[in-house]
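Everything on this sheet refers to the single structure shown next.
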Amino acid sequence: MGLGFIPLGVGDAYSALHYSSCVAVEADGRWLLVDCPHPIRKILREGSVQSGAGLDVGSFEAVVITHVHADHCSGLEGLGFFAHFVLNRRTKLLAHPRVADGLWAGRLSGGMAEVADPATWASRRRSFSDYFDLALLDEDHAVRAGPFEIECRRTRHPVPTTALRIRAGGRTLALSSDTSFDPHLVDWLAEADVFLHETGPSIHTHYDALARLPPAVRRRARLIHYPDDLDPARHELEALVQGRRYDVP
Ligand SMILES: [Zn+2]
């Protein structure tokens with residue numbers, strides 16, 4: 001048992017060095033994908049080569065989407081198509097109701113609502129539920145997917161966005177997703193054994209704010225969604241390495 005994770009992408013939205021933020025979480029050989037940037041199969045393959053995890057689209061109990069910005073969900077079209085046409089299965093998707101509202105109408109329907117019969121080119125309509133089996137996250141209750149119990153909390157970001165706490169194998173991993181610095185959110189995240197926090201300029205969480213947290217909180221924090229000019233050697237908080245496997249102690 002136990003809980004582990006692989007940060008498949010650690011970069012911010014503008015990164016030229018890393019894939020954007022995306023984490024595979026594992027408990028007892030079962031996997032949960034948190035966020036899904038493009039090109040997701042290449043991201044999964046490269047993370048698997050580095051970690052030995054052997055992940056592909058069919059490996060996951062479910063995919064959790066924290067918000068509809070492209071660096072967090074631009075891979076959903078490719079993942080949904082691959083699952084639908086190649087694996088012949090629907091993808092279980094978890095998202096807060098406000099996030100789910102924007103997914104189909106605001107992002108996916110443009111590319112996925114019409115498919116064609118390859119023999120006749122006759123157009124066929126497809127709906128969100130043809131590709132995805134949606135379960136809504138709830139701010140008041142944990143939602144289960146396989147061995148994972150998932151809690152969510154809204155963050156400070158221009159579009160509806162949720163931080164997560166994921167419990168399995170007797171451990172809890174938390175992820176800030178995108179947010180400006182919010183001490184109440186940090187308190188919520190720091191109840192976990194380990195929490196992954198974004199950092200960056202402007203509307204993001206400035207590193208100095210995280211560096212001023214109490215030592216007991218800082219010890220449980222790991223940096224993700226960081227800018228290319230962040231030098232891990234010059235920062236006390238540990239910056240996650242893309243493709244490395246970590247255990248939640
Ligand atoms: Zn964002």
Side-chain angles (χ1 to χ4, degrees), residues 5-25 32-40 43-44 47 62-80 93-111 132 134 136-137 139 150-166 173-186 188-189 192 195-210 221-230 237 239-240 242:
F5 66 95
I6 302 169
L8 298 165
V10 297
D12 65 9
Y14 302 147
S15 180
L17 298 179
H18 300 113
Y19 292 125
S20 50
S21 297
C22 172
V23 180
V25 183
L32 184 74
L33 184 64
V34 178
D35 285 334
C36 182
H38 181 76
I40 189 62
I43 292 170
L44 293 170
V63 180
V64 187
I65 297 295
T66 63
H67 64 299
V68 300
H69 278 155
D71 57 319
H72 294 256
C73 77
S74 56
L76 264 186
E77 178 180 318
L79 181 139
L93 208 60
L94 294 114
H96 186 279
R98 291 289 311 281
V99 177
D101 279 349
L103 266 179
W104 184 251
R107 291 212 69 98
L108 297 172
S109 64
F132 300 105
L134 177 68
L136 294 174
L137 295 178
E139 290 176 68
I150 303 155
E151 298 173 290
C152 71
R153 190 185 200 279
R154 292 284 296 276
T155 76
R156 295 173 176 167
H157 203 48
V159 296
T161 301
T162 50
L164 304 169
R165 286 194 305 215
I166 300 169
L173 173 69
L175 304 93
S176 70
S177 189
D178 287 13
T179 186
S180 63
F181 182 66
D182 175 354
H184 300 295
L185 175 65
V186 172
W188 186 84
L189 295 167
F195 68 97
L196 318 187
H197 207 292
E198 70 116 90
T199 186
S202 180
I203 62 168
H204 293 282
T205 297
H206 302 178
Y207 178 82
D208 291 348
L210 296 173
R222 310 285 184 269
L223 301 177
I224 193 168
H225 193 290
Y226 51 80
D228 287 352
D229 63 3
L230 181 135
L237 271 70
L240 294 173
Q242 182 171 291

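Whatever order the structure lists them in is the order used to number ligands and atoms, beginning at 1.
- Classified by interplanar angle (parallel below 30°, tilted 30° to 60°, perpendicular above 60°), the ring pair His204/His225 is tilted.
- Counted by atom type alone, Asp35 and Thr66 present one or more donor-acceptor pairs between their side chains at under 3.5 Å.
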Residues 93-104 side chain polar contacts: donor-acceptor under 3.5 Å, at least two apart:
residue: His96; atom: ND1; partner: Arg98; partner atom: N; Å: 3.0
residue: His96; atom: NE2; partner: Glu139; partner atom: OE2; Å: 2.7

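- Nearest approach of Tyr207 to Leu237, heavy atoms of both residues: OH-N, 3.1 Å.
- Listed by chain and number, the protein atoms of type N/O/S under 2.8 Å from the Zn ion (ligand 1) are His67 NE2, His69 ND1, His157 NE2, Asp178 OD2; waters are omitted.
- Summarising the geometry of Phe181 relative to Arg156, their closest heavy-atom pair is O-NH1, 2.8 Å, with the distance given to 0.1 Å.
- Aromatic ring orientation, His69 versus His157: perpendicular (interplanar angle above 60°, classes split at 30° and 60°).
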